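Scroll down for the structure; my scribbles are underneath it.
Side chains are part of it too, since the values below use all heavy atoms of this structure and drop only hydrogens, waters and symmetry mates. Since the structure is predicted, the reported quantities are computational estimates derived from the model, not experimental observations.
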Amino acid sequence: MVETRKLVLRSIETDEGDRCVDIFRRSDGSFGFEGYRRDAEDTSGWFRVTLFGAQRYDDEAAALAAACRVFPWIERR
């Protein structure tokens, strides 16, 4: 399977800055989202904490709606 490149369209963080959800578009035109976290005591950066990135959506709005169902805090952003 050939992996397609991803362009992050939106990166949504919690107020605390410890969680993030990226909404992205693949080079094949499909969309998706993935969840990340970072720990204040670890300077390594963001770590993926979900496995939603393989799911495909027809447009950005559909990917965002799906992300909101998984991460309800997004709607408060």
**Prompt:** From R19 CZ over to I12 CD1, what is the distance, rounded to the nearest 0.5 angstrom?
**Reply:** 15.0 Å
**Rounded distance [0.5 Å steps], CZ in R38 versus OG1 in T14** = 8.5 Å
**Contact list for residues 60-70, test side chain to side chain donor-acceptor pair (under 3.5 Å), sequence neighbours left out** = R10-E60
**Asked** Looking at residues at least two apart in the chain, or sitting in another chain, which of them share a side chain to side chain contact (heavy atoms under 4.5 Å, CB included) with A63?
**Response** I23, F31, Y57
**Prompt:** Does D28 pair with R56 as a salt bridge, N-O distance under 4.0 Å?
**Reply:** yes
**Asked** Between V21 and F24, is there a shared hydrophobic cluster once you connect ILVMFWY residues whose side-chain heavy atoms come closer than 4.5 Å?
**Response** no
**Interatomic distance, I74 atom CD1 to E13 atom CD [nearest 0.5 angstrom]** = 12.0 Å
What pairs of donor and acceptor atoms, side-chain ones from residues 47-54 against any protein atom, are under 3.5 angstrom apart with sequence neighbours left out?
residue	atom	partner	partner atom	Å
T50	OG1	E34	OE2	2.3
T50	OG1	G35	N	2.9

**Message:** For R26 versus Q55, what's the shortest heavy-atom pair and its separation?
**Reply:** NH2-O, 3.0 Å
**Prompt:** CH2 of W73 to SG of C68: how many Å apart, nearest 0.5 Å?
**Reply:** 9.0 Å
**Complete:** Apart from Y36 itself, its cluster of hydrophobic side chains linked below 4.5 Å comprises W46
**Message:** Tell me every residue that passes salt bridge (Lys or Arg N to Asp or Glu O under 4.0 Å) with D18, counting only those two or more places apart in sequence or in another chain.
**Reply:** none
**Item:** With sequence neighbours excluded, residues passing side chain to side chain contact (heavy atoms under 4.5 Å, CB included) with A61
**Value:** D59
